[in-house]
Amino acid sequence: GAVVSQHPSWVICKSGTSVKIECRSLDFQATTMFWYRQFPKQSLMLMATSNEGSKATYEQGVEKDKFLINHASLTLSTLTVTSAHPEDSSFYICSPRAGINYGYTFGSGTRLTVV
Amino acid sequence: AQKVTQAQTEISVVEKEDVTLDCVYETRDTTYYLFWYKQPPSGELVFLIRRNSFDEQNEISGRYSWNFQKSTSSFNFTITASQVVDSAVYFCALSEEGAQKLVFGQGTRLTINP
């Protein structure tokens, strides 16, 4: 159980364009989704928390207008990086809250490169 | 505030050696959860273990073992008879009850040389 699908695995985009990352929970319903970011050779840092049907809560220093999060259903959440810049190049990982499963399942991650 | 410290940035050992990865945490909560994850070069996070704050019993899983000591706020991870496939970055993480988000340590890059 607790299978998570994250797409795309990697993406290269030009500066100024937008990129959408999808995270799906395939065999469970995720009421909460956590989005993490990992810069090269660094640790994972929480960017935002979203609850199904509600607005996302962003961590300090994360621009809510730049990183749009949609959690419209219990099985799908999306993160859109708008007007991407090279400094947004990073590894983005989703993590759905799977009820009593405190194993904290993670998606396989999306490596974003902005050129 | 919660914090996780992995003081060892990089460790390199020869295959078959035992290696211990240190993890020290800080939290004001009495109920919390501690985790270890493995991150191979491909990037995905592989769950290794979860331990809650009321269970100080050490755990062994094959070549892996974990030592949880609340008195020193440590949750160390030992790999016995290391193998090249163990090479990865290992993260220790903490979650306070109710918060559910994970706070990660800086990670330890482990290299097992043949």
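Each chain gets a letter, A, B and so on, in the order its sequence line appears, and its residues count up from 1.
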Do the side chains of [Y] and [X] get nearer than 4.5 Å, heavy atoms only?
{"X": "A/W35", "Y": "A/I21", "value": "yes"}
{"X": "B/F54", "Y": "B/T31", "value": "yes"}
{"X": "A/V62", "Y": "A/R37", "value": "yes"}
{"X": "A/L79", "Y": "A/T110", "value": "no"}

Hey, what do you get for OH (A/Y58) to CE (A/M47), rounding to the nearest 0.5 Å?
8.0 Å
With under 30° as parallel and over 60° as perpendicular, where do the rings of B/F104 and A/Y36 fit, or are they tilted in between?
perpendicular
Heavy atom to heavy atom, less than 4.5 Å: which residues from residues 63-72 of chain B reach chain A?
none
Within 45° of the ring axis of B/F35 and under 6.0 Å from its six-membered ring centre, is that where the NZ or CZ of B/R50 lies?
no
Between the side chains of A/T82 and A/S18, does any donor sit under 3.5 Å from an acceptor?
no
Cut-off 4.5 Å, heavy atoms of chain B, and the answer for A/Q38 is side chain
Would you mind checking which part of A/L44 comes under 4.5 Å of any heavy atom in chain B, side chain (CB onward), backbone (N, CA, C, O), both or neither?
both
Whatever's closer than 4.5 Å to a heavy atom in chain A on B/T9 counts as neither
Quick check on B/Q6 against chain A: is it the side chain, the backbone, both or neither that has a heavy atom closer than 4.5 Å?
neither
